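Along the sequence shown, the residues carry numbers beginning at 1. None of the values given here were measured: they were computed from a predicted structure. The figures here come from the full heavy-atom set of this structure, side chains too, leaving out hydrogens, waters and symmetry mates.
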Amino acid sequence: MTRLRKWQENCLEQAKSHYLSHRDFFVQATPASGKTLFAAELAKWLLEEQLIDFVICFAPTREVVAGMQRTFSTVLQQRFGNVIASVGAAYTYQAMEYQSEEFWDIFKNFHTLAIFDEIHHCAGHDPLLSNKWGQQIISNIQDQATYTLGLSGTPWRSDELPIALARYSNPEGRLICDYRYDLQSAVNDGVCRAPRITLIDNPLIRLVEEKENTESVRGFSCFSQLLSESPVSYEDLLRHDDILNAVFDIGIDQLNAVRYSVPQAGGLVVATDIEHAHQIAEILHSKHQSYVVVTSKTPKAQQLIDQFRHDSTRWIVAVSMISEGTDIQRLCVCCYLSRIRTELHYRQVLGRILRKMGTEDREAWLYVIAEPTLRKYSQRIANDLPEDQSTLQTKKLHDRLTKSHAEHANSNTGSETENNDRPLVASDQNSRSELQINEPSLLTLSFSQYYRQYLLSLI
């Protein structure tokens, strides 16, 4: 047996006992704690006891499916995948609706263990109140599989629909987990890194709005006030070159500090969309940082992710590609620059930098703009941690903005970079507000009449 962590051993014993009288087992274990290895060891035991013939896994992305296939092949020491004489295979949830009747007959005609990674993607307890994946589970697996194993690091849904195969208390409606392993326990046990979350803010902001022949000037003491009392949106902040430059100065400094002792350490940038990813890539290029960009439009994106997993490139810039379940242990710094503001997504991204590489690898750093909703989620995460490991700080950008603005203005865009990929051109500057720095502690945002009307039309 592979050497298991204490929580995996305990969960394995509990699952063995549970399956003596129940069909379904639900595990909530914090992201990066090792759910896949636990699942593979459970499958191995069921196969050795001749309680099942096959193992069928489902997961939200191809990257996670590939990781499951690698882990199960190693633990089971058998073929695992779509090849002859396989003991099982893994598929994406998206592939469910394209499977033939012959595929679903496996659950009817053989003893099977059905494993659902990040099962919160599958909603519903009945066909009328389910999403597509939940309907497939209800129709083809729920009453057919010999055993089911539901896994989730963040077991809730933004639409508040029930999770497929899950049980809830009555009348409170709380999710009942057969085994729970939270972030506080994982940090205490040394299983996960302790996250150091930094909220990026600015203490003095001047907004200049020009309309016809008049000009109005308003002051704001933080991004939260700016966002609530002006037409400036959170996404406008995400796309400002000067703010991005300042954020990356902080992130690069931290990554440099880590790489001093761990040369292969890497950073993750979660971008809003493809255009945004290209804008970020150009900034990283100007700062002489090696990077790779992966989006849904990137050719051979999965191969690039796998290559990044094993090389020493500093940054990976991703749009919806490095999310839940993706295992890249060397990631330890993250700049969260996505427009998505759900707690589910935020915690899943945080999980990408919590995997440890050794016993002395104890901390991870996440940088995020101090938008009110993300501030609230950050505080909840801090509250989940042991007191001596809870770190949530706010960093003011005044001096950083001045420094990055000067460097950006004087940078030589023809400089050599560690990255072999050709940097992509940033988005049109006319579609963003002009940002000027007049003094170290003052951030000035100037909006023309056209741009102000454009902003208002989006609200």
Q: Begin with the C-alpha distance, continue with both residues' side-chain angles, and end with the deciding distance and a verdict on side-chain contact (heavy atoms from CB on, under 4.5 Å) for S378 and L199.
A: CA-CA 8 Å; S378 300; L199 297 162; 3.8 Å; yes

Q | Residue list, side chain to side chain contact (heavy atoms under 4.5 Å, CB included) with D311, at least two apart or on another chain | A | Q307, F308, T313, R330

Q: Over 60° means perpendicular and under 30° means parallel, so classify the ring planes of F248 and W315, tilted if in between.
A: perpendicular

Q.
Can a donor-acceptor pair be found, under 3.5 Å and without considering hydrogens, that links the side chain of Q8 to the backbone of G34?
A. yes

(Q) Restricting to side chain to side chain donor-acceptor pair (under 3.5 Å), what partner residues turn up for R341, sequence neighbours left out? (A) E371

Q.
Measuring only between side-chain heavy atoms, which start at C-beta, is F223 closer than 4.5 Å to V232?
A. no

Q: Salt-bridge test for D327 and R352: reply yes if a basic N is under 4.0 Å from a carboxylate O, no otherwise.
A: no

Q | Verdict with supporting geometry, S233 and D236, side-chain hydrogen bond (donor to acceptor under 3.5 Å, both in side chains) | A | CA-CA 5 Å; S233 72; D236 294 323; 2.9 Å; yes

**Q.** side chain to side chain contact (heavy atoms under 4.5 Å, CB included) involving K376 - partner list, sequence neighbours excluded
**A.** R380

**Q.** Partner set under salt bridge (Lys or Arg N to Asp or Glu O under 4.0 Å) for E235, not counting sequence neighbours
**A.** R239, R339

Q: Ignoring hydrogens and angles, state whether a donor on the side chain of Q379 or N383 is under 3.5 Å from an acceptor on the partner side chain.
A: yes

Q) Which value, rounded to the nearest 0.5 Å, describes the distance between R309 atom CZ and L331 atom CG? A) 9.5 Å

Q. Considering residues at least two apart in sequence or located in another chain, which fulfil the side chain to side chain donor-acceptor pair (under 3.5 Å) criterion with Y377?
A. none

Q. Where does the angle between the aromatic ring planes of F25 and F38 fall among parallel (under 30°), tilted (30 to 60°) and perpendicular (over 60°)?
A. tilted

Q | By side chain to side chain donor-acceptor pair (under 3.5 Å) - contacts of T92 (at least two apart) | A | none

Q) Listed by chain and number, what are the salt bridge (Lys or Arg N to Asp or Glu O under 4.0 Å) partners of D182, not counting sequence neighbours? A) none

Q: Kindly compute the distance separating CH2 (W365) from SG (C334), expressed to the nearest 0.5 Å.
A: 13.0 Å

Q.
Could you go through Q329 and R355, starting from their C-alpha distance and side-chain angles, then the distance that decides it, and tell me whether this counts as side-chain hydrogen bond (donor to acceptor under 3.5 Å, both in side chains)?
A. CA-CA 5 Å; Q329 285 186 307; R355 298 180 189 275; over 6 Å; no

Q) According to the salt bridge (Lys or Arg N to Asp or Glu O under 4.0 Å) rule, which pairs have a member within residues 64-74, sequence neighbours left out? A) none

Q: Please test D189 against R5 for side-chain contact (heavy atoms from CB on, under 4.5 Å), starting from the C-alpha separation and ending with a verdict.
A: CA-CA 9 Å; D189 295 345; R5 293 164 173 162; over 6 Å; no

Q | T295 side chain to T298 side chain, donor-acceptor N/O pair below 3.5 angstrom | A | yes

Q | Results of salt bridge (Lys or Arg N to Asp or Glu O under 4.0 Å) for K132 - residues two or more places apart only | A | E97

Q. Which class fits the ring pair W7 and Y181: parallel under 30°, tilted 30 to 60°, perpendicular over 60°?
A. parallel

Q | Test: K300 and D306 ion pair at under 4.0 Å | A | no

Q: Decide side-chain hydrogen bond (donor to acceptor under 3.5 Å, both in side chains) for N256 and R314; before the verdict, give the C-alpha distance in whole Å, the side-chain angles of both, and the deciding distance to 0.1 Å.
A: CA-CA 9 Å; N256 286 341; R314 287 175 172 264; 2.6 Å; yes

Q: Supply the atom-to-atom distance T148 OG1 to I115 CD1, rounded to the nearest 0.5 angstrom.
A: 10.0 Å

(Q) Counting C-beta onward and ignoring hydrogens, is there a side-chain heavy-atom pair between F103 and Y98 closer than 4.5 Å? (A) no

Q.
Among residues at least two apart in sequence or on other chains, which ones pass side chain to side chain contact (heavy atoms under 4.5 Å, CB included) with E229?
A. F220, Q225

Q | Partner residues of D361 under the side chain to side chain contact (heavy atoms under 4.5 Å, CB included) criterion, sequence neighbours left out | A | R193, K356, M357

Q. Side chains of Q254 and Y367: does their closest heavy-atom pair fall under 4.5 Å?
A. yes

Q. Mind checking whether Y336 and Y346 have parallel, tilted or perpendicular rings, split at 30° and 60°?
A. perpendicular

Q: Just jot down the side chain to side chain donor-acceptor pair (under 3.5 Å) partners of R347, sequence neighbours excluded, or say none.
A: E343, D384

Q: Quick one: pull up NE2 in H276 and CG in L238 and give me the separation to the nearest 0.5 Å.
A: 5.5 Å

